[in-house]
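This report refers to the structure that appears directly beneath it.
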Amino acid sequence: MAKKKLTLAQKYHIYTRGLDWEPTYVSKKDIYPYAEYEGIKIKDWNKWEDPFRMTVEAYWKYQAEKDRRFYAILDGFIQNQGHLTLSDARYLNSIKLFIQGVTPLEYMAHRGFAFVARHLPGPGPRTAAFFQSMDELRHTQIEVHAGSNFNKYYDGFHSMTLMHDRVWYLSVPKSYFDDAVTAGPFEYVTAISFSFEYALTNLLFVPFMSGAAYNGDTPTMTFGFSAQSDESRHMTLGLQVVKFLLEQHEDNVPIIQRWIDKWWWRGYRLTSLVGAMMDYMLPKRVMSWKESFELYIEDQILEGLFRDLERYGIRPPLHMEQSIKEKEFLSHDVYWILFSFTFAAAFHSWIPKEEEMEWLAEKYPRTFNQYYRWRYEKAKQAKTPLPGDRFYYIGLPQLCQVCQIPMGFTDPDDPNNFVQRYVEYEGEIYHFCSDGCKWIFEQEPEKYVQAWLPVHEIYKGNCFAEPPKGPDDVVPQVLKWYNIQTDNFDYFVSEDYKNWKEWHKDMATVVV
Amino acid sequence: MVAVETKRERFVSVDLQKTEEGYNVLRAILKDNPDAKVDEFPGYYKVKHSNKLTIKRETVESFMGRPWDTQEFNLVIISYSGNFAEWDDEKIVIQWDTHM
Ligand SMILES: [Fe+2]
Ligand SMILES: [Fe+2]
């Protein structure tokens with residue numbers, strides 16, 4: 001008699017739960033020491049159901065195919081000198097931010113999910129976390145491979161891991177993920193799988209990657225979509241974990257709500273960098289930050305997801321209203337910060353061209369001309385002794401104690417002012433960019449007083465390659481410690497721009 | 001003070017790669033879900049439905065001209081909004097738990 005083929009559901013059951021066993025001579029508590037201290041109560045791990053029903057066998061098969069497709073595209077791009085057909089070399093500055101800021105987080109996610117895959121007491125979520133841990137390692141690899149091709153020709157790609165640990169703006173993503181991996185396994189999953197992956201990564205991996213495609217960068221589009229296709233599985237893990245925890249015990253509800261409140265704002269502040277990349281750093285634009293926010297957050301998350309969570313007693317994140325209010329300000333504030341401090345950054349910035357300012361004014365009719373355009377008009381006039389013939393903010397900014405972004409966020413209720421909040425804790429004053437960051441600090445002050453703030457560390461003398469010989473030598477010694485070489489300053493005085501013109505001089509149309 | 005403008009819409013959706021396979025899956029979805037709407041962006045399609053999207057193995061196979069395992073959906077999906085309410089050998093269903 002011929003054997004009957006197993007259905008997807010049977011296969012999944014056999015290969016996940018079927019491979020689990022009850023320990024006999026070691027207690028469960030000793031095997032899973034982190035399972036209880038966060039206060040989460042689980043009655044029955046068998047209630048867990050993974051809709052993707054992924055087994056190890058299927059996992060290898062489809063992941064290998066995704067990799068084959070990616071490397072075929074990357075090879076074609078390299079062989080064709082694809083970098084020369086990008087819309088403009090300015091575009092690559094957004095990819096520098098991605099490689100320096102996001103790729104190291106992929107690696108941290110790999111480590112974080114390895115921890116979760118070891119420490120969750122249920123075989124279903126353990127299997128899903130194990131796959132995700134391998135996915136994240138794959139994401140790191142394909143992003144490094146795509147970036148290494150650009151590193152042959154452009155600044156800013158040469159030192160991502162060292163920069164991630166040291167450079168001021170990269171402490172924003174770094175501290176975000178460090179915050180997550182130092183939490184317990186359930187908070188970690190709520191933070192990364194649910195708040196970040198279900199709610200926020202769409203903004204980074206869908207409209208931004210579509211922008212990469214539009215600017216001629218097929219490898220980035222391909223790694224982006226390839227990573228995001230794994231992300232669909234991760235989103236499901238996040239959603240399932242949260243629903244499962246909510247169903248298991250009513251005592252879990254307020255804990256989960258607090259984590260959602262915290263991690264919405266943490267992730268949202270982090271994603272503000274993507275807003276600046278989308279609105280200012282893509283020479284050809286697909287969608288504005290505001291449009292992406294409306295589609296992927298207001299429609300899909302608020303109107304979709306949170307309606308579904310109402311019946312568990314979960315409401316939308318505490319500071320969501322503020323994010324909605326900020327949608328016409330956020331990307332402008334963040335690009336202005338990046339622009340002002342480009343003398344100490346491993347990417348270039350520039351004054352938007354007239355037609356780009358018009359696009360910004362059209363997409364942001366109530367804010368761009370009113371609050372931002374004049375800054376760039378003035379920036380053209382204000383000369384500093386630094387290369388680039390334009391304004392830089394000569395000095396170091398005050399940073400938010402939680403998100404670590406310089407305190408330059410416009411108050412939507414009073415748009416001629418920046419938001420400034422502070423808390424006194426054990427005799428010290430701590431500053432915050434927003435009510436959201438202040439609230440997060442107040443929940444766990446003993447955690448956030450330990451923050452490694454790049455500006456404070458410079459003043460403490462911890463960020464010099466060699467002791468500065470005088471006041472003029474302070475920034476150069478910091479840059480040396482950052483391993484920033486010719487990667488900083490305005491785009492139009494950069495090696496990137498010089499090379500780009502040189503490579504295109506025989507072409508009929510010189511780009512830029 | 002700047003007034004907050006919001007436009008809200010409740011839908012389920014799936015974002016698909018703009019590839020040959022992605023296109024075949026898209027055609028199958030449009031055939032089986034006549035009210036679905038497609039938005040096109042560089043590199044991807046976004047298929048939306050106010051309520052529910054069903055992807056059927058048989059229909060995809062008829063457009064592909066070859067056998068197609070529902071798990072191959074992993075190769076064309078970029079992202080989604082909703083829940084995977086069902087995913088078996090015959091079909092995949094995306095919808096929210098709470099219907100309005
Ligand atoms: Fe990832
Ligand atoms: Fe902050």
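Residue numbers begin at 1 in each chain, while the letters A, B, ... track the order of the sequences. The basis for the numbers below is simple: all heavy atoms, side chains too, and nothing from hydrogens, waters or symmetry mates.
Counting heavy atoms from C-beta on, the side chains of B/W96 and A/R307 never come closer than 4.5 Å. Residues B/K46 and A/L295 are in side-chain contact: their nearest non-hydrogen atoms beyond the backbone lie under 4.5 Å apart. Contact of the B/L16 side chain with the A/F225 side chain is not registered, since no non-hydrogen atoms from C-beta on lie closer than 4.5 Å. At a threshold of 4.5 Å between non-hydrogen side-chain atoms, the residues A/E303 and B/F11 do not count as touching. Counting heavy atoms from C-beta on, the side chains of A/T236 and B/Y80 come closer than 4.5 Å.
No donor-acceptor distance shorter than 3.5 angstrom exists from the side chain of B/D97 to the backbone of A/D308, with no hydrogens or angles considered.
Contact annotation for A/V286: only side-chain heavy atoms (C-beta onward) come within less than 4.5 Å of a heavy atom of chain B. Contact annotation for B/E72: both backbone and side-chain heavy atoms come within less than 4.5 Å of a heavy atom of chain A. At a 4.5 Å heavy-atom cutoff, A/Y12 makes no contact with chain B through either its backbone or its side chain. For A/L239, the part lying under 4.5 angstrom from a heavy atom of chain B is the side chain only. At a 4.5 Å heavy-atom cutoff, B/F73 makes no contact with chain A through either its backbone or its side chain. Neither the backbone nor the side chain of B/T19 comes within contact range of chain A, judged by heavy atoms closer than 4.5 Å. Of the two parts of A/M221, only the side chain, counted from C-beta on, holds a non-hydrogen atom closer than 4.5 Å to a non-hydrogen atom of chain B. Interface remark: A/M287 contributes side-chain atoms only to the contact with chain B (heavy atom separation under 4.5 Å). Looking at B/Q71, both its backbone and its side chain come within 4.5 Å of chain A, counting heavy atoms on both sides. Residue B/D15 touches chain A through its side chain alone, counting heavy-atom pairs closer than 4.5 Å.
Ionic pairing of A/D299 and B/K48 is not present here: no N-O contact between side-chain nitrogen and carboxylate oxygen is shorter than 4.0 angstrom.
In this structure, the separation between OG on A/S229 and CG on B/L75 is 7.5 Å, given to the nearest 0.5 Å. Here A/R233 contributes atom CZ and B/F84 contributes atom CZ; the two are 11.0 Å apart, rounded to the nearest 0.5 Å. Remark: B/E90 CD to A/T7 OG1 distance equals 10.5 Å, nearest 0.5 Å. Note that OG of B/S81 is 6.5 Å distant from CD1 of A/I301, once rounded to the nearest 0.5 Å. Taking OG of A/S210 as the reference point, atom CD of B/E40 lies at 10.5 Å (rounded to 0.5 Å). The NZ atom of A/K61 sits 11.0 Å away from atom CG of B/N74, with the distance rounded to the nearest 0.5 Å.
In B/F41, the CZ atom is crowded: over 12 heavy atoms of neighbouring residues, nucleotides or ligands sit closer than 6.0 Å. For NZ of A/K363, the number of neighbouring non-hydrogen atoms (other residues, nucleotides, ligands) closer than 6.0 Å is greater than 12. Within 6.0 Å of the OH atom in A/Y312, the count of heavy atoms belonging to other residues, nucleotides or ligands exceeds 12. Counted within 6.0 Å of CD on A/E65, heavy atoms from surrounding residues, nucleotides or ligands total more than 12; the atom is thus considered enclosed.
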Test A/Y296 against B/S79 for side-chain hydrogen bond (donor to acceptor under 3.5 Å, both in side chains), laying out the working first. CA-CA 11 Å; A/Y296 284 98; B/S79 188; over 6 Å; no
Just do the salt bridge (charged side-chain N to carboxylate O under 4.0 Å, His left out) check on B/D89 and A/R53 with the steps written out, would you? CA-CA 11 Å; B/D89 305 85; A/R53 292 180 172 150; over 6 Å; no
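Counting all heavy atoms, side chain and backbone alike, A/Q300 lies closest to B/S13 at OE1-OG, 3.3 Å. Nearest heavy atoms, A/Y214 versus B/P42: CD1-CG, 3.7 Å.
Contact tally against chain B (heavy-atom pairs below 4.5 Å) for A/K66, A/M54, A/R69: the top residue is A/R69.
Side-chain atoms of A/K243 and B/N83 include a donor-acceptor pair closer than 3.5 Å.
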